[in-house]
Amino acid sequence: MEKNSSVIHVILTGGVGSRLWPLSRKSQPKQYLEIFEGKSLFEMTVDRNSHLADKVMVVGNVDNHHLSGKVMDKTQTSYLNIVEATPRNTAAAIAFAAFASDPDDILIVTPSDHIIGKEEDYNKAIQEAITKAKDGYIVTFGIIPTKPETGYGYIESKGDKVLSFREKPNETTAKEFIARGNFLWNSGMFCFKAGVLLEELKQFQPDVYEKSKSVWESSKKGFLNLNLSLEIPSISIDYAVMERSKKIKVVPASFSWSDLGSFESVYEYLVSKGHPIDSNGNMVIGCDSHTTFLGLKNTIFVHTNNANLILQKENSQDVKDIYNELERQNSNLLN
């Protein structure tokens with residue numbers, strides 16, 4: 001008798017969120033910050049998918065898996081824990097989850113740090129993706145864009161067909177994409193049968209496939225070996241499979257979505273939730289003491305106990321340059 005396949009929610013928790021320094025630190029990356037009505041982005045991700053999946057897997061790393069464990073305890077969610085010894089990008093992370101599954105299991109792969117609204121539209125998109133995944137397709141979710149955003153990659157589509165994947169555009173190109181009307185934001189969410197994804201990975205990126213397989217097979221209770229892991233090429237799933245496979249479909253989705261990758265997107269989200277701003281659009285994050293902005297517009301003041309950041313909202317993509325500079329100085333302000 002054929003075993004029933006499971007629907008498994010795979011949560012990727014690798015990112016550091018360098019554009020959200022000083023809120024986001026190596027010891028407390030953005031997906032664990034409980035600044036969203038008392039919940040973290042990670043917890044919201046677990047909640048959002050709890051009724052859509054039979055099982056949960058968390059792919060994390062040695063630095064953050066204890067933080068993930070706290071969230072899973074808080075939400076009383078049982079899960080399979082996969083702990084990478086060193087980050088090897090998304091192709092390997094997703095391969096580990098697929099190796100840990102039965103070939104017919106349907107995996108819904110999501111990052112742990114995205115904000116999603118319009119849950120009904122979200123659920124509908126997931127169900128549509130599961131149907132296509134059962135037919136042997138690898139499904140990516142394309143978000144119908146609301147503005148010419150330069151912080152996201154794009155998918156050029158026709159119905160559920162992918163015509164091309166595009167890198168993050170500049171302002172002019174982003175406006176052109178929006179004007180053409182058949183470009184979607186690339187959400188970094190996927191749905192597929194474990195076996196189908198592994199077949200495609202083996203075909204296009206055999207070295208990632210073989211080395212991830214041997215790392216998974218030698219893992220102990222989900223903990224992966226460091227020396228073997230270092231041999232896996234560090235390649236994104238987009239580059240390894242999505243941009244090359246003939247089995248890709250896109251679900252154009254109208255749920256509201258943000259990767260909260262910058263203070264500008266955090267600002268917009270907080271404003272939508274009633275977080276106070278003054279009459280010139282200035283906002284304070286993380287500080288309770290009375291703060292007045294004089295002669296400033298759209299400024300964000302970010303306060304933490306050992307570092308403050310004051311920025312123009314429009315400059316929020318540049319925060320990663322500060323992060324990289326501090327990294328060069330080997331600063332403990334990143335920890």
Side-chain angles (χ1 to χ4, degrees), residues 5-15 53 55-61 80-112 129-142 153 155 160-167 186-219 222-251:
S5 62
S6 303
V7 174
I8 302 173
H9 178 208
V10 179
I11 309 176
L12 306 178
T13 70
K55 297 180 188 167
V56 181
M57 288 182 190
V58 176
V59 185
N61 57 42
L80 180 76
N81 196 19
I82 300 175
V83 183
E84 295 182 300
T86 177
R88 297 320 277 160
N89 214 317
T90 49
I94 289 172
F96 298 139
F99 283 124
S101 311
D102 289 326
D104 279 339
D105 286 342
I106 304 265
L107 274 48
I108 300 167
V109 180
T110 75
S112 58
I130 289 172
T131 306
K132 291 182 196 295
K134 283 181 175 161
D135 291 338
Y137 291 107
I138 296 172
V139 183
T140 176
F141 294 81
I155 298 168
D160 68 355
K161 278 208 265 310
V162 174
L163 303 180
S164 70
F165 287 92
R166 303 293 184 93
E167 297 294 314
N186 188 350
S187 70
M189 292 171 47
F190 310 103
C191 182
F192 47 76
K193 276 187 188 168
V196 171
L197 187 281
L198 289 173
E199 278 162 26
E200 296 296 274
L201 184 64
K202 189 177 188 175
Q203 182 184 337
F204 296 112
Q205 215 64 60
D207 46 346
V208 175
Y209 175 89
E210 295 300 342
K211 286 171 173 158
S212 301
K213 189 169 197 260
S214 58
V215 167
W216 177 249
E217 285 169 351
S218 70
S219 68
F223 283 79
L224 309 183
N225 177 288
L226 176 60
N227 291 335
L228 287 175
S229 296
L230 287 168
E231 293 177 21
I232 304 172
S234 178
I235 293 176
S236 74
I237 195 72
D238 297 68
Y239 176 68
V241 175
M242 298 295 151
E243 295 177 12
R244 296 151 121 180
S245 168
K246 298 279 177 279
K247 296 185 176 176
I248 308 297
K249 292 279 188 198
V250 61
V251 169

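Reckoned from all heavy atoms, side chains included, excluding hydrogens, waters and symmetry mates.
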**Q** Are the aromatic rings of Tyr239 and Phe165 close, with centres under 6.0 Å apart?
**A** no
**Q** Checking side chain to side chain contact (heavy atoms under 4.5 Å, CB included) for the pair Thr110/Leu12: CA distance, chi angles, key distance, verdict?
**A** CA-CA 6 Å; Thr110 75; Leu12 306 178; over 6 Å; no
**Q** Mind checking what makes side-chain contact (heavy atoms from CB on, under 4.5 Å) contact with Glu200, not counting sequence neighbours?
**A** Ile138, Gln203, Phe204, Val241, Ser245, Lys247
**Q** Taking salt bridge (Lys or Arg N to Asp or Glu O under 4.0 Å) as the definition, give me every residue that meets it alongside Asp207, ordered by chain and number, with sequence neighbours left out.
**A** none
**Q** Which one of Thr13, Leu80, Ile82 satisfies the side-chain contact (heavy atoms from CB on, under 4.5 Å) criterion with Val58?
**A** Thr13
**Q** Could you tell me which residues satisfy salt bridge (Lys or Arg N to Asp or Glu O under 4.0 Å) with Arg166, sequence neighbours excluded, listed by chain and number?
**A** Glu156
**Q** Answer yes or no on whether Lys249 is positioned over the face of Tyr137, meaning its NZ or CZ is under 6.0 Å from the six-membered ring centre and within 45° of the axis.
**A** yes
**Q** Measure the OG1-CG distance between Thr86 and Asn61 for me, rounded to the nearest 0.5 Å.
**A** 8.5 Å
**Q** Mind checking the CD-CZ spacing from Glu231 to Arg88? Nearest 0.5 Å is all I need.
**A** 10.0 Å
**Q** Measure the CH2-CG distance between Trp216 and Asn225 for me, rounded to the nearest 0.5 Å.
**A** 13.5 Å
**Q** Please report the interatomic distance CD(Glu243) to OG(Ser164), rounded to the nearest 0.5 Å.
**A** 9.0 Å
**Q** Give, for atom CE of Met57 and atom CD1 of Ile8, the distance between the pair rounded to the nearest 0.5 Å.
**A** 4.0 Å
